[in-house]
Structure formats: structure tokens, C-alpha cells
S.K.: 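What follows is a single structure, and I will ask about it in a moment.
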There are 2 protein chains.
Amino acid sequence: MKADLRAHIEKNIPLTDEEFTFVISHFSTKKFKKHQFLIQKDEPVPYSYFIISGLVKLVFTDESGKEHIVSFAMEDWWESDFYAYYTQTKSTMSLECLEDTEVLCCTLEDYKKLCDGLQKMERFFLEKATFGFLGSQRRIISWLTSNSKERYEQLLKQYPTLFQRVSKSQIASYLGVSRETLSRLSS
Amino acid sequence: MKADLRAHIEKNIPLTDEEFTFVISHFSTKKFKKHQFLIQKDEPVPYSYFIISGLVKLVFTDESGKEHIVSFAMEDWWESDFYAYYTQTKSTMSLECLEDTEVLCCTLEDYKKLCDGLQKMERFFLEKATFGFLGSQRRIISWLTSNSKERYEQLLKQYPTLFQRVSKSQIASYLGVSRETLSRLSS
DNA sequence: AATAAAAAGTGATCTACATCACATCAGGAA
DNA sequence: TTCCTGATGTGATGTAGATCACTTTTTATT
């Protein structure tokens, strides 16, 4: 379980045992059941999360109360309301488990200590942030260039396993399409 | 002009003269006229660009030949086809001047040397990447939650000066709306 | 100043998708 | 088993926004 984080980091950057001991000392472990919240809207965001197992959704709720799924995150992903986390403000979104989920938690203070104490980790986070940005940009391009059916097919191709783990309503919410339209698309 | 870069970095992280001399040695200067291309689709992407003055658009052209503006970038911004840049592959987009533009250019090799040679710069790029990601996420949320008119008003509020510098067709392309619809919205 | 070219506005029509309403089906709890 | 809740499918209808066609205005170019 802590080994998962090591394997994850070492996909990019090799670490010595000593370095990894330093890294892991900045994380705590938490477990959540399906339907529990890691982050609640309007509450502070004490942690960013590395997901060891399970699946969560980051949700923005608009004024009318409608939920919009900003992202899903599963094993081997990082998630949080990063804006609220970095700026230490209250969350504008919620982060909720769609499955029982185990995470490693990192406070902003520990995040900074990690970056200061081990340049490799700063490099690692830079790569994560860069490719996170590129993933979002890709999604924007998908919006600009494609209709609902095409976006659905792109998502299916990119994350086929997601479709066995979340309901179609959730997929619809992520794609920005009504669940009825999605139902008609996939038939 | 090189001082612009220093001021830009020092908004986040102070530098000594010596450090800045090191930083600036990794950049070259280029000037482009309106309508010239910094990056052409299907060509390699040798540089990322820091914009000293002027305005550029990052454009994705779909199969039907329709142009979609992925982003605008003006003074004090960084821009490139970052995916192609980091992976050293051919560009899928083009980067074109909407005004006469002056930039500082950084190769991937120099970018890496900068990060290796001065931890402050790695920190700086990490902050840029993080807030770039957050900006994209914000735009996705805007798509998920708002109609054309609302997205138009949000953009107007966020970047009022942009509207004096680019045509409404360009704004429409960025918002993912037809120029006719945009014209009707703003009246 | 004359001409060309790009930008912007506007009507008419079409269509992708939302919304509403209801039926069906599967899984969990008493 | 029975009841309940959430997920899914599907028809009928409404609407935001696309597309097409044309005009007017603004901006460049000679």
C-alpha cells in the first residue's frame, strides 16, 4: 500500500530506500466507504490525496443544485480541490467516494517540505502538474471539436475500465450531456 | 525586454543578479509579425515561448478544416504546443501571431538545464504548471455549468482587455460558439 | 480617394440536445 | 418474498445554438 506510492513515483523517477522513507513520512493513510466525502463544499481542504485503491468523483454543484462531475480519480491518481488546497481557502467542490477507497494524505505543509527536502519530488510534482494540464487541455479540445457522441466514444476509448465502475448517469455528468441523451447515444 | 522575464519570475520567486544571468542565458529572442506562425501543425516544436509583447493564438484545426482556438496568450504568458514540446513530437496545433510579437525562446534542453541548475526555476515552473492546470479546470467547469452567454460574460469579466485586441470571430472560436450566435449574444 | 477584404449584424431555417413524463429492470434491505 | 430505491430506456416536445444567405460597417491596401 505504501509500496504503491513508491511504484507510482518510480514510474518517473527512481528513489533510494532512504529517499522513499523520507517521502512516505509526509503522508498519512485514510480509508473511506462508498458515499463518504473526502472533501465537502465550503469546508477547508487539508489534504491532497494519492489514491491507493477505489474511485472518487470531484463534483461541482451549480446554483440550481445540479451536480457536474469535474473529474474521476482512481488508483494511482492524485486528487483534491487543488485550488482550495494551494490557496488554503474553502472548497468550491466536493470529493466523494464511488467505491470504498484508500488514500494517502498530504497536507500543504508536508507537500512544501517534500519539495524543499528532495528535489526529485519537486521534479515529480512538476511532471504531474504538467501532464495534468495537458490532460485538461485535451479535454477542452475535445469539447471544442466534437459532439456528444464523439466525446463519449473518446472517453470510452481512453478509459474503458471506467464504464464498468460508474453508472451512465455519472458518465453523462462528466461529459456534460443529459443522461437521456447519453442513453440514446450508446444504443 | 529581458527585464520583463525577470520581473515575471520575481512575481513568484526573487532572484539574485547572478541567478538571473544564468536564467537568461538559456533563452534567445525572436520577433514575429502579425499573421506569422511560431508553430506550424505537423512540424517539430523546438521552443516554448515567453511572450514579451504582442498576442498569439493556439489553434487546433479539425478534420473538416475548421479552426478552434485553444488559447490566447499575451504579454507575460508562456505558450507552446506543450505536449509536442515535452514529448519532442510533431505539433498537432499551430501558434500564430494576432499582433506583432516578441518572445523569449527556450528549447527543451535548456528548460531541463534550467531546472537542474537552479531549483528556484523548477519551483517557478511548478507553480506555472499548477496554475495552468487550475485555469484549464476552471474553463472545463465553465463549459459544464454555463451556456454560451454566461461563458461569454465570464470571459469578458476575466480578460476585458482581450476584447479590444481580437475580433469577435476569434472570441467565438475560443468559446466554442458560432460567430453569428456570439454576435446575437452581445447585443 | 478608391477599392478590396475582413469583420460584424441579422433574418430564416434546421438540428442536436435538454427536459418532462413514464415504463422497465436490477440490486439491497426488511 | 416483498418492497424500495436507483439505474436505464424511450417517446413527445421544447429550445439553444448552428448553418446558410445576405447586408452593412470597418479596416487595410494601392
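If you're wondering where the values come from, they're calculated on a predicted model, not measured in any experiment. In what follows, every chain begins at residue 1, and chains take the letters A, B, ... in the order their sequences are listed.
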S.K.: What is the distance, to the nearest angstrom, from the OH atom on A:Tyr152 to the C1' atom on D:dT8?
M.R.: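 Those two atoms, OH and C1', are 12 Å apart.
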S.K.: When you check the side-chain N and O atoms of A:Glu96 and A:Gln36, is any donor under 3.5 Å from an acceptor?
M.R.: no
S.K.: Angle between the end axes of the helix from C:dA1-D:dT30 to C:dA30-D:dT1, five pairs per end, to the nearest 10 degrees?
M.R.: 50°
S.K.: Indicate every side-chain donor-acceptor pair of residues 55-70 of chain B with a distance under 3.5 Å to a residue at least two apart or in another chain.
M.R.:
{"from": "B:Lys57", "atom 1": "NZ", "to": "B:Gln170", "atom 2": "OE1", "distance (Å)": "3.3"}
{"from": "B:Asp62", "atom 1": "OD1", "to": "B:Ser64", "atom 2": "N", "distance (Å)": "3.0"}
{"from": "B:Asp62", "atom 1": "OD1", "to": "B:Ser64", "atom 2": "OG", "distance (Å)": "2.8"}
{"from": "B:Asp62", "atom 1": "OD1", "to": "B:Gly65", "atom 2": "N", "distance (Å)": "3.1"}
{"from": "B:Asp62", "atom 1": "OD1", "to": "B:Lys66", "atom 2": "N", "distance (Å)": "2.9"}
{"from": "B:Asp62", "atom 1": "OD2", "to": "B:His68", "atom 2": "NE2", "distance (Å)": "2.8"}
{"from": "B:His68", "atom 1": "ND1", "to": "A:Leu144", "atom 2": "O", "distance (Å)": "3.2"}

S.K.: Which pairs would a plain distance check flag for residues 21-29 of chain B, meaning a side-chain donor or acceptor within less than 3.5 Å of a matching protein atom at least two apart in sequence or in another chain?
M.R.:
{"from": "B:Thr21", "atom 1": "OG1", "to": "B:Asp17", "atom 2": "O", "distance (Å)": "2.9"}
{"from": "B:Ser25", "atom 1": "OG", "to": "B:Phe22", "atom 2": "O", "distance (Å)": "2.7"}
{"from": "B:His26", "atom 1": "ND1", "to": "B:Phe22", "atom 2": "O", "distance (Å)": "2.8"}

S.K.: Which pair of non-hydrogen atoms, one from A:Tyr85 and one from A:Pro46, has the smallest distance, and what is that distance?
M.R.: CE1-O, 4.0 Å
S.K.: Show each protein N/O and nucleotides 25-28 of chain C N/O combination with a separation under 3.5 Å, one pair to a line.
M.R.:
none

S.K.: Which label fits A:Tyr111 and A:Phe125: parallel for a plane angle under 30°, tilted from 30 to 60°, or perpendicular past 60°?
M.R.: tilted
S.K.: Strictly under 6.0 Å, is that where the ring centroids of B:Trp77 and B:Phe131 end up?
M.R.: no
S.K.: Look for any protein N or O under 3.5 Å of an N or O in nucleotides 27-30 of chain D and output each such pair with its distance, or none.
M.R.:
none

S.K.: Round to a whole Å and report the spacing from CZ of A:Phe163 to P of D:dA7.
M.R.: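 Roughly 16 Å, once rounded to whole Å.
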S.K.: List, with names and distances, any nitrogen or oxygen atoms from the protein found under 3.5 Å away from nitrogen or oxygen atoms belonging to nucleotides 18-23 of chain C.
M.R.:
{"from": "C:dA18", "atom 1": "OP1", "to": "A:Ser178", "atom 2": "N", "distance (Å)": "3.1"}
{"from": "C:dA18", "atom 1": "OP2", "to": "A:Ser178", "atom 2": "N", "distance (Å)": "3.1"}
{"from": "C:dA18", "atom 1": "OP2", "to": "A:Ser178", "atom 2": "OG", "distance (Å)": "3.0"}
{"from": "C:dA18", "atom 1": "OP2", "to": "A:Thr181", "atom 2": "OG1", "distance (Å)": "2.6"}
{"from": "C:dT19", "atom 1": "O4", "to": "A:Arg184", "atom 2": "NH2", "distance (Å)": "3.0"}
{"from": "C:dC20", "atom 1": "N4", "to": "A:Glu180", "atom 2": "OE2", "distance (Å)": "3.4"}

S.K.: Rounded to the nearest angstrom, tell me the gap between atom CH2 in B:Trp143 and atom P in C:dC17.
M.R.: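 Going from CH2 in B:Trp143 over to P in C:dC17 covers 11 Å.
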S.K.: Rounded to whole Å, please give me the gap between CG in A:Leu185 and C1' in D:dG9.
M.R.: 13 Å
S.K.: In whole angstrom, what separates B:His35's NE2 from C:dA5's P?
M.R.: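 My rounded result for the distance is 14 Å.
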